[in-house]
Asks: 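Below is one structure. I have some questions about it.
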There are 2 protein chains.
Amino acid sequence: MNHEEARTRLLDAAGRLFYERGIQAVSMDELRAASGVSLKRLYQCFPAKHDLVEDYLLRRDARWRAELADYVARQARTPEDGPLVVFDWLHTWFTAPDFRGCAFINAFGELGAVSDAVTRAARHHKLAVLEYLTDLVRVLPVRDPAELAGQLVLLVDGSITAAAMTGAPSAALRARTAGAILVAAAATTTAATATAGPDASPAPVSAPTPSG
Amino acid sequence: MNHEEARTRLLDAAGRLFYERGIQAVSMDELRAASGVSLKRLYQCFPAKHDLVEDYLLRRDARWRAELADYVARQARTPEDGPLVVFDWLHTWFTAPDFRGCAFINAFGELGAVSDAVTRAARHHKLAVLEYLTDLVRVLPVRDPAELAGQLVLLVDGSITAAAMTGAPSAALRARTAGAILVAAAATTTAATATAGPDASPAPVSAPTPSG
DNA sequence: TACCGCCGAGAACGATCGTTCTCTAGACTA
DNA sequence: TAGTCTAGAGAACGATCGTTCTCGGCGGTA
């Protein structure tokens, strides 16, 4: 077996087991058994468990965002659809049998207090998602794309949490509905959203000013 | 030392240490040292660590919701203010030096896959918060209080996650702004929201229908 | 005073885990 | 064929942890 193939098999096993059961609940010996890679090779590829954990998170971040971007690129009928199609993808994810919430939120809750690398990886992931959503939102005629993207990210993380804990994928639909309202409210003009199809709000509103 | 006092001191220590560092990262011996309760007494109060974990979560749930409800009851100038004042409380929480996200999300990420009790406690907490928000929203003239409360819960959990990971308490302000938009959009009439003060949206919109 | 029961301190036990080491078998080379 | 290198299987090591046990001391009682 190649060194590169061993790495891949280890990361595959780690990706499955760490996500399913939590990082600390999976021993190196289980990873050896699940991957078919010997313990010696395992430590040649990853000198310590935290190295494997770090690469697991980095790979998951890249794949998660790539899948999301692919889905949005394929499913959005117009660029204006983009932000809301994100929630459709979330819905399909929530429906997957192995769905168990956000791997980064989980890892952060488990090891964020004791591992800088985990905290960094989680923060990086959330920031990257925010940037992706900001890009999606930028094609819309909105006053403050960064603000709207920040609001949508709240719905994304909130729905992931809700779906993970209650087991109900419908959190994605609720988030989508709320997201559509926020998008409409952030729009600068009514006419510009007329091309957005049935998702566009018929009457955008200005954002209320907080009083507290 | 009383049996009841030992219990209290143990739950105090557990509440602090479990939240700060994660459950698995805190040993029974550390709890003994932090609480000043002997190991023998510790096991008389809590026969196993998971019993202490369960009571830790139950107590935290009760206290967290009580603090939130107290704050809302004291700070909301009108009943219509209630839902948005929730986000003000979140902001003060996010600013606390020991803030490290939602204890239930953290515990779920760490042990949800291997502990039914943790999953139950986390689910119960999130459901109770949803019910509380539903009660707050019910005083507003909205078409579907349950739906609106469900949307606001997404913002609550999303902002907790964002604040925990990025360390920026401003996530609460962004969530509040978004919440105000959702509240306004859910309103049945414009006149009814006129009494809500500066938080009320000047022009409520109807919710767009999802297309996907 | 002698006895009894409870308590705290901490050693001890058994299990698990991350990591390293040993041993053996096979592949490659001169 | 003899020698050398490598890899895999799995034992071993050292540390930690949850839990239990032992021991010595202290308070209450006849």
Side-chain angles (χ1 to χ4, degrees), chain A residues 1-57 106-107 109-118 121, chain B residues 1-57 106-107 109-118 121:
Chain A
M1 189 193 311
N2 196 351
H3 179 86
E4 210 53 38
E5 185 186 339
R7 252 189 89 91
T8 302
R9 285 165 75 159
L10 284 167
L11 285 170
D12 285 348
R16 186 158 28 88
L17 295 178
F18 284 163
Y19 180 67
E20 272 177 13
R21 311 221 310 268
I23 292 170
Q24 297 182 91
V26 177
S27 70
M28 297 297 264
D29 201 60
E30 281 180 283
L31 288 166
R32 175 200 57 79
S35 65
V37 172
S38 76
L39 219 44
K40 180 181 261 181
R41 264 272 247 267
L42 197 168
Y43 278 95
Q44 281 172 358
C45 294
F46 302 96
K49 190 182 185 182
H50 62 254
D51 296 315
L52 182 51
V53 170
E54 198 169 342
D55 279 21
Y56 149 68
L57 290 175
N106 293 349
E110 189 176 354
L111 295 169
V114 278
S115 164
D116 278 346
V118 166
Chain B
M1 189 193 314
N2 196 353
H3 178 86
E4 210 53 39
E5 186 186 339
R7 251 188 89 90
T8 303
R9 287 166 73 158
L10 284 167
L11 285 170
D12 285 347
R16 187 158 28 88
L17 295 178
F18 283 164
Y19 180 67
E20 272 178 12
R21 312 222 310 267
I23 292 170
Q24 297 182 90
V26 177
S27 71
M28 297 299 263
D29 200 60
E30 280 180 284
L31 288 165
R32 175 201 57 79
S35 64
V37 172
S38 76
L39 219 45
K40 181 183 260 178
R41 265 271 246 269
L42 196 167
Y43 277 96
Q44 280 171 359
C45 294
F46 303 95
K49 190 181 186 183
H50 63 254
D51 296 314
L52 181 53
V53 170
E54 197 169 343
D55 279 21
Y56 150 67
L57 290 175
N106 293 348
E110 189 176 354
L111 295 169
V114 278
S115 164
D116 278 346
V118 166

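In this text the structure is predicted, and so the values were computed from the model without any measurement. Chain identifiers are assigned alphabetically (A, B, ...) following the order of the sequence lines, protein sequences preceding nucleic acid strands; residue numbering begins at 1 within each chain.
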Asks: Taking OP1 and OP2 of C:dG18, is either one under 4.0 Å from a side-chain nitrogen or oxygen of A:Lys49?
Replies: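 The answer is yes; a side-chain N or O of A:Lys49 sits under 4.0 Å from OP1 or OP2.
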
Asks: Check side-chain hydrogen bond (donor to acceptor under 3.5 Å, both in side chains) between A:Glu4 and all other residues, then give those that pass, not counting sequence neighbours.
Replies: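 Once residues adjacent in sequence are excluded, A:Glu4 has no partner under the side-chain hydrogen bond (donor to acceptor under 3.5 Å, both in side chains) criterion.
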
Asks: To the nearest angstrom, how far is A:Leu42 atom CG from D:dA7 atom P?
Replies: 14 Å

Asks: Between the two ends of the helix from C:dT1-D:dA30 to C:dA30-D:dT1, what is the bend in degrees, rounded to 10 degrees, where each end axis spans five pairs?
Replies: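 Rounded value for the end-axis angle: 30°.
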
Asks: Side chain of A:Met28, heavy atoms from C-beta onward: which of C:dT19, D:dA9, D:dT22 has the nearest atom to it?
Replies: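 Selected nucleotide (nearest to the side chain): C:dT19.
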
Asks: B:Arg21 CZ to D:dC17 C1': how many Å, rounded?
Replies: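 Distance, rounded to whole Å: 14 Å.
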
Asks: Please work out if A:Val26 contacts a base, only the sugar-phosphate, or nothing of the nucleic acid, heavy-atom cut-off 4.0 Å.
Replies: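 Sugar-phosphate, backbone atoms only, no base.
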
Asks: Separation of B:Phe46 atom CZ from D:dG18 atom P, in whole Å?
Replies: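 Distance check: B:Phe46 CZ to D:dG18 P gives 15 Å.
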
Asks: Give the rounded distance in Å between these two atoms: CD of B:Glu30 and P of D:dT19.
Replies: 15 Å

Asks: With rounding to the nearest 0.5 Å, note down the distance linking CZ in A:Arg21 to CG in A:Asn106.
Replies: 14.0 Å

Asks: Counting side-chain heavy atoms from C-beta on, which of D:dT19, C:dT19, D:dA9 comes nearest to B:Tyr43?
Replies: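 Of D:dT19, C:dT19, D:dA9, D:dT19 is nearest to the side chain of B:Tyr43.
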
Asks: Flag the pair A:Arg9 and A:Asp12 as a salt bridge only when some basic side-chain nitrogen lies within less than 4.0 angstrom of an acidic carboxylate oxygen.
Replies: no

Asks: Using side-chain heavy atoms (C-beta onward) and a distance below 4.5 Å, is A:Arg7 in contact with A:Leu10?
Replies: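 No, their side chains stay 4.5 Å or more apart.
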
Asks: How many whole angstroms separate atom NE2 of B:His3 from atom P of C:dC7?
Replies: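 Atom NE2 in B:His3 sits about 11 Å away from atom P in C:dC7.
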
Asks: Quick one: B:Gln44 CD to D:dT19 C1', roughly how many Å, whole number?
Replies: 14 Å

Asks: Quick check for you: to the nearest 0.5 Å, what is the distance between A:Arg32 atom CZ and A:Leu39 atom CG?
Replies: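 A:Arg32 atom CZ to A:Leu39 atom CG measures 6.5 Å (nearest 0.5 Å).
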
Asks: Could you give the side-chain donor-acceptor pairs of residues 45-53 of chain A under 3.5 Å, partners two or more places apart or in another chain?
Replies:
{"from": "A:Lys49", "atom 1": "NZ", "to": "A:Ile23", "atom 2": "O", "distance (Å)": "3.2"}
{"from": "A:Lys49", "atom 1": "NZ", "to": "A:Val26", "atom 2": "O", "distance (Å)": "2.8"}
{"from": "A:Asp51", "atom 1": "OD2", "to": "A:Ala48", "atom 2": "N", "distance (Å)": "3.1"}

Asks: More 5' along DNA chain C: A:Asp29 or A:Lys40, using each one's nearest nucleotide?
Replies: A:Asp29

Asks: Check whether any side-chain heavy atom of A:Gln24 lies under 4.5 Å from a side-chain heavy atom of A:Leu111, and answer yes or no.
Replies: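 Yes. Closest side-chain heavy atoms under 4.5 Å.
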
